[in-house]
Amino acid sequence: MSTSAAADLRTLITTWPDLNDALGAPPVIAGFGRGLTAYMAALEETDLDAAAELRALERDPAQIGIRPIPMRLQVYETMRTVQAALTECAAAVAEHVQRAPISMPAPRRAAVAKTRADRVAWDDHARRVHAAQQDAMDPRRWRYTGTPPTAQYAALWLLGRVTGAPGPFRPIQPAQQAHVAAVAAEARHRVERILDTGAAEAVLTRPCPRMIHTVFPCEGTIRVYGGAGASPLANCSSCGGIWTELGAAA
């Protein structure tokens with residue numbers, strides 16, 4: 001069993017409702033408490049002159065040209081991409097692990113069972129027909145006809161395969177496990193990036209502004225850590241300065 005793939009699939013299943021909420025939510029202005037992406041945006045947006053230049057470059061919505069994509073459209077595109085990747089992965093895995101349905105027994109001519117042996121034969125035939133029908137209709141089978149399966153259903157089905165859940169399946173092989181792990185990891189990365197909830201580390205483009213002995217600026221590299229429920233934290237690799245949501249801490 002691939003524990004990393006199982007963890008990624010469980011995360012996708014439990015966070016998918018958050019994507020649905022974000023899809024219908026109005027855009028949110030970046031600010032503290034919104035995760036690492038928003039925190040970095042707030043740290044970078046300190047130069048008033050640069051901000052004025054950016055405002056001068058803003059376009060009127062009526063103008064023809066490329067404009068930033070609204071947040072809701074980005075969420076929609078992420079959901080559609082992840083759903084397609086998960087369903088394609090599930091279909092590919094099903095080709096290898098899902099066994100064919102039990103063969104239906106040959107039909108028997110209608111007749112009246114005159115002996116005990118005839119009744120036993122007819123009962124056995126009926127039992128095998130029922131077993132074949134039930135096996136073919138097993139809801140645990142992967143089937144893709146008509147409406148595409150949801151991303152949550154595809155992730156749940158893949159989770160069953162990597163964890164060895166019972167059903168009409170053969171054990172998943174290392175090649176399929178690696179494929180599922182790669183798809184699940186990329187899908188989780190996309191979802192956490194659009195929701196700004198994943199743990200991450202990044203480097204600011206602006207150097208450290210702290211003054212050393214009030215003579216010259218440090219100009220060291222500032223790294224920002226945050227996400228996954230933790231409050232963002234920035235640290236200078238040269239002077240050791242630390243910044244939190246409340247401002248400079250050291």
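All of these numbers come straight from a predicted model, not from anything done at the bench. Counting begins at 1 with the first residue of the sequence.
- Arg99 meets the side-chain hydrogen bond (donor to acceptor under 3.5 Å, both in side chains) test with Asp135; sequence neighbours excluded.
- Atom CD1 of Ile102 and atom CD of Gln133 lie 11.5 Å apart (nearest 0.5 Å).
- For Pro168 against Asp138, the heavy-atom pair with the smallest separation is CD-OD2, 3.5 Å.
- One finds the OG1 atom of Thr11 at 3.5 Å from the CZ atom of Arg188 (value rounded to the nearest 0.5 Å).
- Between Cys218 and Cys236, the closest heavy-atom pair is SG-SG, 3.7 Å.
- The ring pair (Phe, Tyr, Trp, His ring centres under 6.0 Å) check on Trp142 picks up Tyr153, Trp157, with sequence neighbours excluded.
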- Task: Evaluate side-chain contact (heavy atoms from CB on, under 4.5 Å) for Val129 paired with Met104, printing each intermediate quantity in order.
- Result: CA-CA 6 Å; Val129 168; Met104 187 72 70; 3.8 Å; yes
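- The number of heavy-atom neighbours closer than 6.0 Å to CZ of Arg170, taken from other residues, nucleotides and ligands shown, is above 12.
- Atom CG of Asp18 and atom CG of Leu23 lie 12.5 Å apart (nearest 0.5 Å).
- Annotation: side chain of Val203 is in contact with side chain of Thr221 (closest heavy-atom distance under 4.5 Å).
- The OG1 atom of Thr15 lies 13.5 Å from the CZ atom of Arg10; values are rounded to the nearest 0.5 Å.
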- Go through the steps to decide whether Gln98 and Arg141 satisfy the test side-chain contact (heavy atoms from CB on, under 4.5 Å), and finish with yes or no. CA-CA 7 Å; Gln98 186 165 278; Arg141 287 185 175 277; 3.6 Å; yes
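- A heavy-atom distance below 4.5 Å is found between the side chains of Cys89 and Leu158.
- With side-chain heavy atoms closer than 4.5 Å counting as contact, directly or through intermediates, Met137 stands alone and belongs to no larger hydrophobic cluster.
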- Task: Please step through side-chain contact (heavy atoms from CB on, under 4.5 Å) for the pair Arg206 and Ile222, ending with a clear verdict.
- Result: CA-CA 8 Å; Arg206 296 187 61 186; Ile222 297 180; over 6 Å; no
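- In this structure a side-chain-to-backbone donor-acceptor pair under 3.5 Å is missing from Asn235 to Trp243.
- Closest of all the heavy-atom pairs between Ala155 and Leu86 is CB-CD1, 4.2 Å.
- Residues Ser238 and Cys208 are not in side-chain contact: their nearest non-hydrogen atoms beyond the backbone lie 4.5 Å or more apart.
- With values rounded to the nearest 0.5 angstrom, Gln74 atom CD is found 12.0 Å from Arg190 atom CZ.
- Closest heavy-atom contact between Val75 and Leu19: CG1-O, 3.5 Å.
- With contacts defined as side-chain heavy-atom distances shorter than 4.5 Å, the pair Val224/Leu233 does not qualify.
- The distance from the CD atom of Glu219 to the SG atom of Cys239 is 11.5 Å, given to the nearest 0.5 Å.
- Nearest heavy atoms, Leu12 versus Ala184: CD1-O, 4.1 Å.
- Contact annotation: the side chain of Glu77 approaches that of Arg80 to within less than 4.5 Å [non-hydrogen atoms, C-beta and beyond].
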- Item | Residues Thr150, Trp16; criterion side-chain contact (heavy atoms from CB on, under 4.5 Å); working and verdict | CA-CA 10 Å; Thr150 65; Trp16 199 258; over 6 Å; no
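- Ala22 approaches Leu195 most closely through the heavy-atom pair CB-CD2, 4.1 Å.
- Judged by distance alone, the side chain of Glu88 and the main-chain N or O of Gln83 form no donor-acceptor pair under 3.5 Å.
- Ser237 places none of its side-chain heavy atoms less than 4.5 Å from the side chain of Arg223.
- Residues Asn20 and Met79 form a side-chain contact, since some pair of their non-hydrogen atoms from C-beta on lies under 4.5 Å apart.
- Pro171 is not listed as a side-chain neighbour of Val97, based on a closest heavy-atom distance of 4.5 Å or more.
- Between the Gln152 side chain and the Ile13 main chain, a donor and an acceptor come within less than 3.5 Å of each other.
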